[in-house]
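Below: the structure, in structure tokens.
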Amino acid sequence: MGKIKRVVFLASGRGSNFSAAVDQIRKKKLPIDILALITDNPRAKALEIAKSNQIPTEILDFGSFPAKQNYHSELLRRLKELGPDLIVACGYMRILKPEVVSAFRNRIINVHPSLLPAFPGLDAQKQALDYGVKITGCTVHFVEEGVDTGPIILQKAIEIRNQWNEKELSLAILAEEHKLLPLAVQLFCDNKLIIKERKVEILK
């Protein structure tokens, strides 16, 4: 068994991807120490998931900070104190500032509900439906300074059915996210990801 990796999760909402990742870490008994769940939303359902799994939680209520930069500075300070090997953004609705990305270069991953580089940013599922694409999906990627522009780790394609609305498409994509994100976490923690320029090589 390799060195235990220390992981912090960031989430803002219901935490279903967080739950899926925790379930796989526990089920497979992976050598991963989940240091904390950090949320910017004191009402995030992800907090309940963390507490039920005895995972420490930290609430940095975005609305309680006098200025946005104060929030981002406190987040960076706390992340540096925790010292994770990996930061996993799953349903985290804040754009990480360049100073955070720089401090944890190639150690932050995010899951996004489209086949990047198509449909970055918010409402990716609606963007896909409005554009009329026949295939979309989800992506796990490293986070860099741009919005959803980092090197791609894993992707899964989904064929859009004619009758699907935004909710139905979102649920179909989410089911694949629940598989893809835990796998990406495991690959990172097993030291099987190598970044070469923009490309991520997965070692066997």
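Leu37 and Leu60 are not part of a single hydrophobic cluster, where members link through side-chain heavy atoms under 4.5 Å apart. Using a 4.5 Å cut-off between side-chain heavy atoms of Ile, Leu, Val, Met, Phe, Trp and Tyr, with links allowed through other members, Tyr71 and Val8 fall into the same hydrophobic cluster. Linking ILVMFWY residues whenever their side-chain heavy atoms come closer than 4.5 Å, directly or via other members, places Leu86 and Val200 in the same cluster. In this structure, Phe142 is not a member of the same hydrophobic cluster as Phe104, with clusters built from ILVMFWY side-chain heavy atoms closer than 4.5 Å. Residues Ile49 and Val88 fall within the same hydrophobic cluster, defined by Ile, Leu, Val, Met, Phe, Trp and Tyr side chains chained together at heavy-atom separations under 4.5 Å.
From Lys97, atom NZ reaches atom NZ of Lys68 across 7.5 Å, with rounding to the nearest 0.5 Å. Note: Ile25 CD1 to Ile32 CD1 = 4.0 Å, rounded to the nearest 0.5 Å. How far CD1 of Ile87 is from CZ of Phe9: 11.5 Å, rounded to the nearest 0.5 Å.
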| Please walk me through it: do Val143 and Val100 pass side-chain contact (heavy atoms from CB on, under 4.5 Å)? | CA-CA 10 Å; Val143 173; Val100 176; over 6 Å; no
| said: Run the side-chain contact (heavy atoms from CB on, under 4.5 Å) test on Phe119 and Gln125 for me, step by step, so that the C-alpha distance in whole Å, both residues' side-chain angles and the decisive distance to 0.1 Å come before the verdict. | reply: CA-CA 8 Å; Phe119 313 123; Gln125 303 92 328; over 6 Å; no
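In the displayed structure, Arg107 atom CZ is contacted under 6.0 Å by more than 12 heavy atoms of other residues, nucleotides or ligands. At most 12 heavy atoms of other shown residues, nucleotides or ligands fall within 6.0 angstrom of atom CZ in Arg161. Atom CD of Glu159 has 12 or fewer heavy atoms from other residues, nucleotides or ligands within 6.0 Å. In this structure, Glu197 places its CD atom where only 12 or fewer heavy-atom neighbours from other residues, nucleotides or ligands lie under 6.0 Å away.
For the residue pair Thr149 and His141, the shortest heavy atom distance occurs at N-CE1, 4.5 Å. Among all heavy-atom pairs drawn from Lys167 and Asn165, the shortest one is N-OD1, 3.1 Å.
Looking at Arg43 and Glu48, no side-chain N of the basic residue comes within less than 4.0 Å of a carboxylate O on the acidic one, giving no salt bridge. Taking 4.0 Å as the cut-off between side-chain N and carboxylate O, Lys27 and Asp23 do not count as a salt-bridged pair. A salt bridge does not link Glu74 with Arg78: none of the charged nitrogens is closer than 4.0 Å to a carboxylate oxygen.
Gln155 contributes no side-chain N or O that, together with a main-chain N or O of Ser114, makes up a donor-acceptor pair within less than 3.5 Å. No donor-acceptor pair under 3.5 Å is formed between the side chain of Asn53 and the backbone N or O of Ile55.
When the side chain to side chain donor-acceptor pair (under 3.5 Å) test is applied to Glu168, no partner is found at least two apart in sequence or on another chain.
In the model, Asn41 has no side-chain atom that pairs as donor or acceptor with a side-chain atom of Ser12 under 3.5 Å. Looking at Glu166 and Ser170, their side chains never bring a donor and an acceptor atom within 3.5 Å of each other.
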Donor-acceptor list for residues 173-195 side chains, cut-off 3.5 Å, not counting sequence neighbours:
unit_1: Glu177; atom_1: OE1; unit_2: Asn17; atom_2: ND2; d: 2.7
unit_1: His178; atom_1: NE2; unit_2: Ser16; atom_2: OG; d: 3.0
unit_1: Gln186; atom_1: OE1; unit_2: Lys28; atom_2: NZ; d: 3.0
unit_1: Asn191; atom_1: OD1; unit_2: Lys5; atom_2: NZ; d: 3.2

